[in-house]
A.B. asks: 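What follows is a structure written as structure tokens; I'll ask about it next.
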Amino acid sequence: MQCDGLIDSARNFKSFSPYCINHRPFGAQTNQAHYSRLRSVLQGSIPIPAFLETISMDTSELQQIDEVPLREVWEHEEQDFTPWLLENVGQLASLIGIEIEDVNRETAVGNYTADLVGTEPTTGDPVVIENQFGSTDHDHLGKLLTYAAGIDAGFVVWVAEGFRDEHRSVLDWLNTRDSTGARFFGVRPRIVSVGTDDAILGFEFTVVVEPNDWERELRDPLSDREQGYRDFFTTLVDAYAEHRRDWNRLTPQPRSYLTFGAGISGISFGWVFHGETEFSVELYIDAGDADQNEAIFETLKEDRTTIESNLETEVVWEPLPDGRACRIKVPRSTPAPVEELTPPEQNELIDWGTTQMDTFRDVLQPRLTQL
């Protein structure tokens, strides 16, 4: 098995994209120029649509794709597949639209051990991941619910090769019971081989079950403002992901903020609308304890002069007296509420938010690392 140094074995799978290259990609007639551009696609420097526009392919060279059972790549579920999933949990998190930090294997929950347990940094909610070979079964369903209840999980992810109808229905039912409770996801891992001679492997995840309101709709119709938030942040996510390719893309919700982890549990970067006419890039500090939050805030504030000089803009330092959290933000005014922004106004605000977030992170991240 060979994938031009990108995939030498199952342990080296780093991309969840279905695009994978062999030493003779897309058949023997593919020329060196296309080969070079395909490498650029995989490395992220050329978007897939731009590459496809340049390809001239003889369809007779297309090769068959066959699905490969996970057991043929990873011998043991617990000893092989779970560790690999831990190493690549960021890709799984990105697929379902969240971040997962502080992930640990075989976390004790009562008399049992969960495969993977982590934390979603924006909400601070625990995340539990249960993985298995083959199709879903009652045994793993029982474990999943036990783990979710035992750690009061906010996000529950069941990773399996196949989902029986009755188990899919259970996850759908759980997602409809309480809109403020845990969110349940069913995710199918899939390995395919391309061609028959010197076959190569590709890997991808597919979301089988997700909360009803996660990507498309809420139980109640969205207000104009909620729809405005969702549309604005959807465009912003696309822009920032293109600008900063190492950033894990999130799924925007119809709310006034979009945040992502800063590498320390309880601290997050975010874009936030305050009221109708303020938009800000900010650092939100809520590590779970008011005294700890204040200590982090004051440590950063000791370097206020240098931070503000590096940012070259107004910085607002806000301990929040009515709560335990603290905030550091760079605000700017907006010409109208989000739902009334014209396309040029929205584009200008997104450009500002993208650029300002980059600078904001570059200035504050090293200081957070030293805390």
A.B. asks: When you look at CD of Q356, are more than 12 heavy atoms from neighbouring residues, nucleotides or ligands closer to it than 6.0 Å?
C.D. replies: yes

A.B. asks: Could you state whether L349 and V316 fall into the same hydrophobic cluster, counting links through intermediate Ile, Leu, Val, Met, Phe, Trp or Tyr residues with side-chain heavy atoms under 4.5 angstrom apart?
C.D. replies: no

A.B. asks: Going by salt bridge (Lys or Arg N to Asp or Glu O under 4.0 Å), name the residues that satisfy it together with R304, two or more places apart in sequence or in a different chain.
C.D. replies: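 In terms of salt bridge (Lys or Arg N to Asp or Glu O under 4.0 Å), with neighbours along the sequence ignored, R304 is linked to E308.
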
A.B. asks: Stepwise, does the side chain to side chain donor-acceptor pair (under 3.5 Å) test hold for Y147 with D115?
C.D. replies: CA-CA 10 Å; Y147 303 151; D115 288 334; over 6 Å; no

A.B. asks: Keeping S309 on the side-chain end and T305 on the backbone end, is there a donor-acceptor pair under 3.5 Å?
C.D. replies: no

A.B. asks: Can T82 and N131 be said to form a side chain to side chain donor-acceptor pair (under 3.5 Å), step by step?
C.D. replies: CA-CA 7 Å; T82 300; N131 59 263; 3.1 Å; yes

A.B. asks: Residues in ring pair (Phe, Tyr, Trp, His ring centres under 6.0 Å) with Y229, at least two apart?
C.D. replies: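 Ring pair (Phe, Tyr, Trp, His ring centres under 6.0 Å) list for Y229, sorted by chain: F273.
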
A.B. asks: Should the pair W84 and W74 be assigned to parallel (<30°), tilted (30 to 60°) or perpendicular (>60°) ring geometry?
C.D. replies: tilted

A.B. asks: V207: which residues meet the side chain to side chain contact (heavy atoms under 4.5 Å, CB included) condition with it, sequence neighbours left out?
C.D. replies: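 With neighbours one apart ignored, the set is L95, I96, E210.
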
A.B. asks: Measure the CG-CD distance between D351 and E348 for me, rounded to the nearest 0.5 Å.
C.D. replies: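 So the gap between those two atoms works out to 7.0 Å.
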
A.B. asks: Table please: side-chain donor-acceptor pairs of residues 364-371 below 3.5 Å, with sequence neighbours left out.
C.D. replies:
unit_1	atom_1	unit_2	atom_2	d
Q365	NE2	A262	O	2.7
R367	NE	D303	OD2	2.6
R367	NH1	V363	O	2.6
R367	NH2	D303	OD2	2.9
T369	OG1	Q365	O	2.9

A.B. asks: Answer yes or no: are there more than 12 heavy-atom neighbours, outside D139 itself, under 6.0 Å from its atom CG?
C.D. replies: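 Yes, CG of D139 has more than 12 neighbouring heavy atoms, counting only those of other groups under 6.0 Å.
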
A.B. asks: Does E67 have any side chain to side chain contact (heavy atoms under 4.5 Å, CB included) partners at least two apart in sequence or in another chain, and if so, which?
C.D. replies: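 Residues passing side chain to side chain contact (heavy atoms under 4.5 Å, CB included) with E67: R188, R190.
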
A.B. asks: Charged N to carboxylate O below 4.0 Å: is that the case for R168 and D172?
C.D. replies: no

A.B. asks: Supply the atom-to-atom distance T136 OG1 to E166 CD, rounded to the nearest 0.5 angstrom.
C.D. replies: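 So the OG1 of T136 and the CD of E166 are separated by 6.5 Å.
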
A.B. asks: How long is the span from the OH atom in Y284 to the CD atom in E318, to the nearest 0.5 Å?
C.D. replies: 10.5 Å

A.B. asks: Side chain of D137, backbone of H140: donor and acceptor closer than 3.5 Å?
C.D. replies: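 Present.
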
A.B. asks: Rounded to the nearest 0.5 Å, what separation is found between the CG atom of L283 and the CZ atom of F269?
C.D. replies: 5.5 Å

A.B. asks: Check side chain to side chain contact (heavy atoms under 4.5 Å, CB included) between A149 and all other residues, then give those that pass, not counting sequence neighbours.
C.D. replies: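 Listed in chain order: nothing, the list is empty.
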
A.B. asks: For D362, enumerate each residue passing the salt bridge (Lys or Arg N to Asp or Glu O under 4.0 Å) test, keeping only those at least two apart in sequence or located in another chain.
C.D. replies: R244

A.B. asks: Would the distance check show the side chain of T355 and the main-chain N or O of W352 forming a donor-acceptor pair, the cut-off being under 3.5 Å?
C.D. replies: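 Flag not set: sc T355 to bb W352 has no pair under 3.5 Å.
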
A.B. asks: Determine yes or no for a side-chain-to-main-chain donor-acceptor pair under 3.5 angstrom, with E340 supplying the side chain and P337 the backbone.
C.D. replies: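 Looks like no, no N/O pair under 3.5 Å.
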
A.B. asks: Could you walk me through whether L116 and E130 pass the side chain to side chain contact (heavy atoms under 4.5 Å, CB included) check?
C.D. replies: CA-CA 7 Å; L116 297 175; E130 177 69 6; over 6 Å; no

A.B. asks: Restricting to side chain to side chain contact (heavy atoms under 4.5 Å, CB included), what partner residues turn up for V170, sequence neighbours left out?
C.D. replies: L141, L174

A.B. asks: Is H243 atom NE2 crowded by more than 12 heavy atoms from other residues, nucleotides or ligands, each under 6.0 Å away?
C.D. replies: yes

A.B. asks: Do E345 and T342 pair up side chain to side chain, a donor and an acceptor below 3.5 Å, judged on atom types alone?
C.D. replies: yes

A.B. asks: Could you pull out all residues at least two apart from E72 that satisfy side chain to side chain donor-acceptor pair (under 3.5 Å)?
C.D. replies: none

A.B. asks: Identify, with sequence neighbours excluded, every residue that meets salt bridge (Lys or Arg N to Asp or Glu O under 4.0 Å) alongside E77.
C.D. replies: none

A.B. asks: Hey, could you give me each pair passing side chain to side chain donor-acceptor pair (under 3.5 Å) that has a residue in residues 271-280? Not counting sequence neighbours.
C.D. replies: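 Sorted result for residues 271-280: R225-E276, H274-S280, H274-E282, E278-K329, S280-E282.
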
A.B. asks: What residues form a salt bridge (Lys or Arg N to Asp or Glu O under 4.0 Å) with E75, not counting sequence neighbours?
C.D. replies: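 Result, salt bridge (Lys or Arg N to Asp or Glu O under 4.0 Å) vs E75: none returned.
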
A.B. asks: Which distance, rounded to the nearest 0.5 Å, do you find between the CZ of F81 and the CG of L86?
C.D. replies: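 It is 11.5 Å, given to the nearest 0.5 Å.
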
